[in-house]
Protein chains: 2
Amino acid sequence: MGGVPMETVSTAKSHGGVQGVYRHDSAVTGTPMTFAVFVPPQAANGPVPVLWYLSGLTCTHANVMEKGEYRAAAAAHGVILVAPDTSPRGERVPDEPDNWQFGTGAGFYLDATQEPYARHYRMYSYIFEELTALVAAQFPADMSRQGIFGHSMGGHGALTMALKHPDRFRSCSAFAPIVQPSTADWSRPALEKYLGTNEQSWRAYDAVALIEDGRRFPEFLVDQGLADPFLKTGLRPELLEVACREAGIPLTLNMREGYDHSYYFISSFMADHIAWHARRLAA
Amino acid sequence: MGGVPMETVSTAKSHGGVQGVYRHDSAVTGTPMTFAVFVPPQAANGPVPVLWYLSGLTCTHANVMEKGEYRAAAAAHGVILVAPDTSPRGERVPDEPDNWQFGTGAGFYLDATQEPYARHYRMYSYIFEELTALVAAQFPADMSRQGIFGHSMGGHGALTMALKHPDRFRSCSAFAPIVQPSTADWSRPALEKYLGTNEQSWRAYDAVALIEDGRRFPEFLVDQGLADPFLKTGLRPELLEVACREAGIPLTLNMREGYDHSYYFISSFMADHIAWHARRLAA
């Protein structure tokens, strides 16, 4: 792909728009990166808002593209939806193949500072800088109107990116987000390996800690299934609820009876979330 | 599973209803068979209509369950959606592993008469008799209100079942159906292996031939993508159009600019089809 900013892997017309998969050589991660973009039909008439969807542990760009059921709502509301991968991948990328909570599929939307991870595991800068510039250059995107949401680890990514950059994002929501990764069993080992043992450095990638440290965002929408097996140990939305209350950040937290952690849950409330973002991304 | 009519593989709440996957020992195919059922929230108040979705070549029950985007509409309209597998599977089942148009994943919704296929490849009787009885017994289904639809090979299955049993099905639609399998390159070899060289016997599993032979159905709805690579060689909806016109069967044939043969196409018009069936399945 020398000199070519990105390669089209596939495109298909869907719900009046185009669902594409693209690949490019990332200078930030030092690997090829694959991502999915849905462009709604309204983009034929000029740039439209951009909604970033960050996926959870073990996912690629493809999970939400196949199971997320977002295209009908994105087409109805006229928003581009971008779904990045969740980590760098490839033979050069250090990994723990048997560990689904670290390494490949588990980039945690941070910039690693520790060896041997610091060279490739830089999903924060990858998405926030490089992929954002690529989307701005290659798609009919109105970059002055961006929203961000995600699921689980990707909910963590969305909340932290929004809190650190309220100038960039107008809206932020999450499905079953990891709200305090620095104290959850399933994320602490990853943060230590990526960021080192000084837990102060983890606070830059922890939504509750960012709020405690003074970061603010206009409001959040969170949906959480009550039958989610990770609810009480890994997700703990009540921690976000307390932090938001103390900080005066309006939080709409919908606890959903009977729903689990899967895309059967996410897809059930996807249209609600996209409509919510679309109202906030209106010109 | 001795004595147990069916085993629950998984269930998940979705769009207010329950998406389940089930397995049972089929006497008709002589194998375990897996199928998916979505039960909408309205079923809590009594039996609801049943919509059968028959899948295309290479698919299992899972493709439409994951990519079909049917749950929102099925929940909105209060219909059960049943998605059977496309063939028997297992070590005892004769197959041509390198041939995606025959054998596993390619049962063509017929009862084979030729050895070595006649013992297991009996998807017609499996769905029409055994699985229907199981659904009636195990789910809150109003079996007096059944509709049927499908994609590609499954569109063929839906059209032929409806034409042969207008007493059973009130409504029938299809996405990119194979309308005349007995003359299409990709299905002729399968029909010959399953049914023998006497092509007269193939007419019982050929929608256009069934209409020519006097079978009737109240009306059909068909959506077909114009960018479908199989349009001109394998699908040929114009043959159905001619047969329906000559037989006086109302056919709504929507030719969709830019759409291909994939679930990106199917999902785009899934809600339209479910709404269309629901109107015809209303009490």
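The basis for the numbers below is simple: all heavy atoms, side chains too, and nothing from hydrogens, waters or symmetry mates. Each chain gets a letter, A, B and so on, in the order the sequences are listed, and its residues count up from 1.
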By salt bridge (Lys or Arg N to Asp or Glu O under 4.0 Å), which residues pair with Arg145(A), not counting sequence neighbours?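 By the salt bridge (Lys or Arg N to Asp or Glu O under 4.0 Å) rule, Arg145(A) matches Asp142(A).
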Salt bridge or not between Arg71(A) and Glu69(B)? Use side-chain N to carboxylate O under 4.0 Å.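 Answer for the salt bridge query: yes.
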State whether the number of non-hydrogen atoms from other residues, nucleotides or ligands found under 6.0 Å of Lys67(A) atom NZ is greater than 12.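 No, the 6.0 Å shell around NZ holds no more than 12 heavy atoms from other groups.
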Mind checking the CD-OH spacing from Glu66(A) to Tyr264(B)? Nearest 0.5 Å is all I need.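 Atom-to-atom, Glu66(A):CD and Tyr264(B):OH are 5.5 Å apart.
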Side chain, backbone, both or neither of Tyr259(B) within contact of chain A (heavy atoms, under 4.5 Å):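 Backbone plus side chain of Tyr259(B), per the 4.5 Å heavy-atom cut-off to chain A.
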Nearest heavy atoms of Ser268(A) and His15(B), plus distance in Å: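 Closest heavy-atom pair between Ser268(A) and His15(B): OG-N, 2.6 Å.
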